[in-house]
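All chains are named by letter (A, B, ...) in the order of the sequence lines, taking the proteins before the strands, and each is independently numbered beginning at 1.
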2 protein chains.
Amino acid sequence: MIELKRRAMATDHTRTAILSAAERLYAERGFSDVTLRDIVAEANVNLAAVNYHFGSKDELIAELFVTRSIVLNHERLAELKAAEDAGGGRAPIEAVMRALVGPTLRGCLGPEKQRSTAARFMIRASIEAVPPIRKIRNREISHLRRFAAAMRRALPGCADVDIYWGLHFALAMAHQTIRDSERLDKLSEGLCDLDDVDGVIDRVVAVTTLALTAGRPKTSKAVTSRDRTGT
Amino acid sequence: MIELKRRAMATDHTRTAILSAAERLYAERGFSDVTLRDIVAEANVNLAAVNYHFGSKDELIAELFVTRSIVLNHERLAELKAAEDAGGGRAPIEAVMRALVGPTLRGCLGPEKQRSTAARFMIRASIEAVPPIRKIRNREISHLRRFAAAMRRALPGCADVDIYWGLHFALAMAHQTIRDSERLDKLSEGLCDLDDVDGVIDRVVAVTTLALTAGRPKTSKAVTSRDRTGT
DNA sequence: GATAGTTTCATACAACTGTTTGAAATGCAA
DNA sequence: TTGCATTTCAAACAGTTGTATGAAACTATC
């Protein structure tokens with residue numbers, strides 16, 4: 001029976017072709033205007049193959065999303081762990097935020113040809129929030145909580161409410177920069193260099209860190225401002 | 001012929017009913033899963049009325065979007081002008097940012113019953129970016145440029161590139177807070193009070209202002225931090 | 001009250017969607 | 001090769017979509 005499985009998995013040409021064609025098309029055009037017929041055409045397989053291998057369109061999307069979620073979360077956590085290990089169990093807030101927004105930004109920005117379809121697919125998923133995805137997306141919360149915890153460790157004196165807002169804003173900036181890079185490019189007439197991925201990451205991290213550390217004694221060097229401007 | 005027009009415009013019951021039903025449904029459920037049949041059912045009019053009065057579904061959406069764009073832009077600019085008048089032609093950066101993000105946030109957050117369908121429709125429009133809307137959306141750029149100009153006046157020493165990034169990040173934070181308020185609520189377990197609209201606005205304005213003024217001499221009181229953490 | 005113009009209505013249309021079907025093809029063990 | 005399970009395929013299905021049609025209802029002018 002091991003033999004049976006191996007064969008079934010080894011020559012999964014059709015299954016794999018569907019998955020990668022679907023991911024590519026969804027990443028490019030979004031869920032709402034990619035049909036199963038588009039996908040099977042791109043994958044060069046028969047229309048019925050989707051339902052045969054995945055059961056339904058929604059299950060195909062779900063499988064795609066679950067797979068990519070796991071990968072992305074692993075990337076983030078690996079980067080976080082590396083930073084914490086380097087700091088003897090406690091990573092500076094900059095490194096925590098970098099681990100949070102870095103993987104996605106690196107995957108979605110930069111010169112056209114080196115952008116990953118995987119990352120762009122994930123952005124689509126979080127933009128369109130189609131039903132099969134919405135159902136699974138709850139587990140993202142517990143993943144983000146691990147980052148909230150790391151942020152707390154980095155900023156012991158920081159109130160929880162500020163941690164969450166900081167986390168939220170960091171994702172917001174990263175996210176929207178990917179989503180609306182075209183508008184920013186037009187608005188700034190090319191002044192904002194969206195191909196400079198590290199520069200963008202630095203900016204997001206800097207703003208977030210600033211927001212989180214302003215009005216706080218802060219352990220290390222860096223910011224020393226006194227009061228928050230609003231409120 | 002004046003009579004003709006007046007009658008036609010005065011008793012536009014059907015046209016108006018379609019517009020408001022469509023706006024309500026689109027705001028609630030998004031463009032992709034609201035059909036013309038849903039709209040005419042909600043409006044209690046005949047299916048053919050949409051094509052009769054608007055020509056096509058896309059033209060209906062476009063008219064809705066154009067109308068609301070104009071209103072929103074007016075609101076923002078009025079708030080900006082009021083602030084600039086109060087400051088003798090130069091509004092402080094906090095006021096500029098507040099005029100930018102305030103109208104939308106006030107329209108989309110806060111207690112359920114007082115949210116405006118108009119604002120939520122506009123958020124949907126900027127999220128889903130359906131074809132008829134994408135075509136018109138370019139004029140938004142020139143509107144945003146007026147805010148960039150006001151920001152420049154408020155922060156004379158600030159580099160243009162930072163202005164644009166600040167503008168972009170402010171919109172990103174406001175936008176995403178509306179889009180994903182549910183996630184932030186769950187993540188923070190209710191700690192982040194999304195019904196406190198003014199509090200949210202203050203936060204967005206504060207973070208943006210901080211990012212824009214950090215590492216700058218700054219004319220007035222407020223922040224006196226020395227260096228930016230990144231880059 | 002007849003007429004001409006506007007608006008409503010039920011209905012049909014053609015195109016497209018995801019899914020199902022049953023037969024053909026394929027691969028592998030005996 | 002024979003037999004059996006897996007996989008592919010063309011075709012059809014039932015449902016939904018936006019749009020078009022032509023007759024009916026309405027409204028205001030003569």
Gap between atoms NE2 and P, on A:H13 and C:dG27 respectively (whole Å): 13 Å
Annotated protein contacts, base or backbone, on nucleotides 10-20 of chain C with a non-hydrogen cut-off under 4.0 Å, one of B, S, - each: B-B----BBBB
Pairwise distance CD(A:Q176) to OG(B:S126) - rounded to 0.5 angstrom: 7.0 Å
Atom-pair distance (CZ on A:R15; P on D:dT6), nearest Å: 15 Å
Interatomic distance where CG belongs to B:N44 and C1' belongs to C:dT8 [whole Å]: 14 Å
Short side-chain N/O contact to C:dT8 OP1/OP2 from B:H53, under 4.0 Å: yes
Contact list for residues 31-72 of chain B, test ring pair (Phe, Tyr, Trp, His ring centres under 6.0 Å), sequence neighbours left out: B:Y26-B:F31, B:F31-B:F121
Full working for side-chain contact (heavy atoms from CB on, under 4.5 Å) between A:M151 and A:R146: CA-CA 9 Å; A:M151 291 169 71; A:R146 302 176 66 164; over 6 Å; no
Set of residues satisfying salt bridge (charged side-chain N to carboxylate O under 4.0 Å, His left out) with respect to A:R179, sequence neighbours excluded: none
Nearest-Å distance for atom pair CG/P, residues A:D12 and D:dT6: 14 Å
Value rounded to 0.5 Å, distance of CZ in B:R137 from OG in B:S69: 9.0 Å
Nearest-0.5 Å distance, CE of residue B:M97 to CD1 of residue B:I93: 5.5 Å
Listed partners of B:H175 passing ring-ring contact (aromatic ring centres under 6.0 Å, His included), at least two apart: none
Nearest-angstrom distance from the residue atom CZ of B:F54 to P of D:dA20: 16 Å
Partner residues of B:E59 under the side-chain contact (heavy atoms from CB on, under 4.5 Å) criterion, sequence neighbours left out: B:S56
Degree of bending in the helix from C:dG1-D:dC30 to C:dA30-D:dT1 once both end axes are built from five pairs, to 10°: 10°
